[in-house]
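Owing to the predicted nature of the structure, the values given are computational and were not obtained by experimental measurement.
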There are 2 protein chains.
Amino acid sequence: MTDIFFNVKKHSDHQKFLKGMELLYFGYRDFISWPDDVLQTYGFGRAHHRILHFVGRNPGLKVAELLDLLNITKQSLSRVLSTLVEKGHVRQDIGSIDRRQRLLHLTEQGQNLLDKITEHQKEHMLKAFKKAGDQSVEGFWKVLSALIADENRTEILDRVNKDMGE
Amino acid sequence: MTDIFFNVKKHSDHQKFLKGMELLYFGYRDFISWPDDVLQTYGFGRAHHRILHFVGRNPGLKVAELLDLLNITKQSLSRVLSTLVEKGHVRQDIGSIDRRQRLLHLTEQGQNLLDKITEHQKEHMLKAFKKAGDQSVEGFWKVLSALIADENRTEILDRVNKDMGE
DNA sequence: TAAATATGTCAACATGACTGACATATTTTT
DNA sequence: AAAAATATGTCAGTCATGTTGACATATTTA
């Protein structure tokens with residue numbers, strides 16, 4: 001990579017912004033599209049992947065917590081979650097303290113599917129991390145954290161950092 | 001920010017991947033949603049914003065080049081582009097050498113709209129950059145560049161780096 | 001003159017989001 | 001004990017943005 005293009009001091013504020021948003025757009029677009037083919041073979045889409053991921057990361061997550069985390073409506077969640085439950089990838093346990101609650105877990109089948117979906121995406125991201133270098137990865141995390149809306153940041157960072165960096 | 005959570009050496013590969021993808025998801029989601037309200041007052045969406053942006057960045061862009069850059073179909077582009085042309089934000093010039101081509105430019109009105117849409121998003125991103133620090137911004141750019149699919153990277157980086165870092 | 005190319009349009013479909021209202025089951029409050 | 005509140009699910013309709021495949025016009029190239 002031509003280092004001059006990554007030298008922040010040779011960029012005006014406007015140029016920094018343009019480069020930031022364009023790289024974010026293309027990097028995100030390409031990264032997020034990686035699992036599309038695998039998802040499609042199961043009749044699933046990106047929203048299904050998202051549910052599988054966050055339920056896997058937070059076993060016992062309540063439906064209301066998931067709605068809040070993903071910032072989507074009940075209808076949006078229900079449409080996708082129902083399919084995952086029906087097909088046996090997610091199971092809903094009744095809350096032991098509050099039996100109205102539905103606590104979400106991946107089934108073994110769901111975990112296997114998630115692993116399969118994630119496999120190449122993980123490989124791709126780790127390869128990108130290796131190429132960019134450890135310090136760049138730390139910077140990447142810092143900028144992204146700072147891009148998260150103030151009102152969401154604390155909760156999101158708590159969840160993202162769960163069980164790591166200790 | 002608690003530095004320990006950004007210490008890459010205290011993360012396994014799996015943890016690096018999880019943190020990367022989750023921060024990318026939330027950072028992108030929140031950042032991209034900023035202009036939604038302004039867009040909506042014009043009856044526009046994110047796809048309109050995208051067209052305005054890339055046409056503004058590449059005056060004289062051919063329709064086919066835009067299709068290739070955004071990796072979408074003619075139908076998708078046409079639906080959105082037509083509206084922008086009809087409402088006077090984009091104009092199509094006939095190519096002087098090849099009169100079949102349509103060369104896209106923002107009108108003054110379109111540039112004004114783009115400036116308005118972009119204003120708070122830019123402020124937000126620059127604020128995030130300031131918070132994270134110059135070295136983090138360089139890392140951010142490097143990781144995102146490496147996340148772009150191999151087959152897209154050269155062309156995208158050429159366009160992104162146009163007129164900057166010299 | 002025929003073939004190829006650049007672009008536009010059409011209708012139908014898919015995915016994933018939203019609104020607003022209504023429903024059941026359970027817990028909490030009165 | 002009854003009413004109110006809460007957790008979740010469902011419904012129908014709507015919207016944004018993507019795709020497919022076919023067909024069209026205008027222009028350039030062979």
Side-chain angles (χ1 to χ4, degrees), chain A residues 25 28-30 32-33 35-55 60-86 90-105, chain B residues 25 28-30 32-33 35-55 60-86 90-105:
Chain A
Y25 170 68
Y28 181 80
R29 182 197 68 179
D30 286 1
I32 219 70
S33 71
D36 284 350
D37 288 345
V38 178
L39 284 161
Q40 184 153 27
T41 67
Y42 291 84
F44 289 156
R46 295 178 183 184
H48 297 85
H49 178 191
R50 196 169 296 143
I51 305 304
L52 286 170
H53 175 83
F54 286 107
V55 170
L61 190 65
K62 298 185 236 167
V63 166
E65 287 173 326
L66 190 50
L67 290 172
D68 185 54
L69 182 62
L70 297 186
N71 202 22
I72 59 178
T73 65
K74 287 191 295 175
Q75 172 63 3
S76 292
L77 177 62
S78 184
R79 193 168 157 283
V80 171
L81 184 59
S82 306
T83 305
L84 290 170
V85 171
E86 276 157 27
V90 170
R91 78 170 197 274
Q92 291 176 302
D93 294 343
I94 293 176
S96 55
I97 294 176
D98 186 333
R99 291 159 33 80
R100 293 171 295 182
Q101 291 173 345
R102 297 290 174 268
L103 309 182
L104 304 170
H105 295 264
Chain B
Y25 170 69
Y28 181 81
R29 182 197 70 176
D30 286 2
I32 218 71
S33 72
D36 284 351
D37 288 345
V38 180
L39 285 160
Q40 184 155 25
T41 67
Y42 291 83
F44 289 155
R46 294 180 183 182
H48 298 85
H49 179 190
R50 198 167 294 143
I51 305 303
L52 286 170
H53 176 85
F54 286 107
V55 170
L61 191 65
K62 298 184 238 167
V63 167
E65 286 171 328
L66 189 50
L67 289 173
D68 186 54
L69 181 61
L70 296 186
N71 201 22
I72 59 177
T73 65
K74 285 189 297 175
Q75 171 63 5
S76 291
L77 178 62
S78 183
R79 189 198 281 116
V80 171
L81 185 57
S82 308
T83 305
L84 291 169
V85 170
E86 276 157 27
V90 170
R91 77 168 199 277
Q92 292 177 299
D93 295 340
I94 293 177
S96 55
I97 294 175
D98 186 332
R99 292 159 32 80
R100 293 171 295 180
Q101 290 173 345
R102 298 290 174 265
L103 309 182
L104 306 171
H105 294 265

Going by an N to O cut-off under 4.0 Å, is there a salt bridge joining Asp36(A) and Arg46(A)?
-> yes
Could you please spell out the steps behind the side-chain contact (heavy atoms from CB on, under 4.5 Å) verdict for Leu104(A) and Asp93(A)?
-> CA-CA 6 Å; Leu104(A) 304 170; Asp93(A) 294 343; over 6 Å; no
Grab the [atom1]-[atom2] distance between [X] and [N] for me, whole Å please.
{"X": "Arg46(B)", "N": "dT15(C)", "atom1": "CZ", "atom2": "P", "value": "20 Å"}
{"X": "Asp93(B)", "N": "dT7(C)", "atom1": "CG", "atom2": "P", "value": "13 Å"}
{"X": "Tyr42(B)", "N": "dC15(D)", "atom1": "OH", "atom2": "P", "value": "22 Å"}
{"X": "Asp36(A)", "N": "dG18(D)", "atom1": "CG", "atom2": "C1'", "value": "11 Å"}
{"X": "Ile32(B)", "N": "dT17(D)", "atom1": "CD1", "atom2": "P", "value": "12 Å"}
{"X": "Gln40(B)", "N": "dT19(C)", "atom1": "CD", "atom2": "C1'", "value": "13 Å"}
{"X": "Arg79(B)", "N": "dC13(C)", "atom1": "CZ", "atom2": "P", "value": "15 Å"}
{"X": "Ile94(B)", "N": "dG8(C)", "atom1": "CD1", "atom2": "C1'", "value": "14 Å"}

Counting only side-chain N and O atoms of [X], is one of them less than 4.0 Å from OP1 or OP2 of [N]?
{"X": "Ser78(B)", "N": "dG8(C)", "answer": "no"}
{"X": "Ser82(A)", "N": "dG9(D)", "answer": "no"}
{"X": "Gln92(A)", "N": "dG9(D)", "answer": "yes"}
{"X": "Thr73(B)", "N": "dT19(D)", "answer": "yes"}

So Tyr28(A) and Tyr28(B), would you call those rings parallel, tilted or perpendicular, with 30° and 60° as cut-offs?
-> parallel
Can you say whether the rings of Phe44(B) and Tyr42(B) are parallel (under 30°), tilted (30 to 60°) or perpendicular (over 60°)?
->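 If you compare the ring of Phe44(B) with that of Tyr42(B), the planes turn out parallel.
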Out of dT17(D), dA17(C), dC11(D), which has the shortest distance to the side chain of Gln75(A)?
->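 Comparing dT17(D), dA17(C), dC11(D) against the side chain of Gln75(A), the answer is dC11(D).
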What are the residues of residues 47-54 of chain A, sorted by number, that bring a heavy atom to within less than 4.0 Å of DNA chain D?
->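 Heavy-atom contacts with DNA chain D come from no residue of residues 47-54 of chain A; none.
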Contacting residues from residues 60-72 of chain A, given that a heavy atom lies under 4.0 angstrom of DNA chain D |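 Going residue by residue through residues 60-72 of chain A, the ones with a heavy atom under 4.0 Å of DNA chain D turn out to be Lys62(A), Val63(A), Ala64(A).
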Donor-acceptor contact present, side-chain Arg99(B) to main-chain Ile97(B), <3.5 Å = no
Check: Ser82(B) side chain, Ser78(B) main-chain N or O, donor-acceptor pair, under 3.5 Å = yes
When rounded to the nearest 0.5 angstrom, what distance separates CG in Leu66(A) from CZ in Phe54(A)?
->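 Leu66(A) CG to Phe54(A) CZ: 8.5 Å, rounded to 0.5 Å.
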Could you run down nucleotides 23-28 of chain D 5' to 3' and tag each one B, S or - for protein heavy-atom contact under 4.0 Å?
-> ---BBS
Check whether any side-chain heavy atom of Leu103(B) lies under 4.5 Å from a side-chain heavy atom of Lys62(B), and answer yes or no.
->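 In short, these two side chains touch, coming nearer than 4.5 Å.
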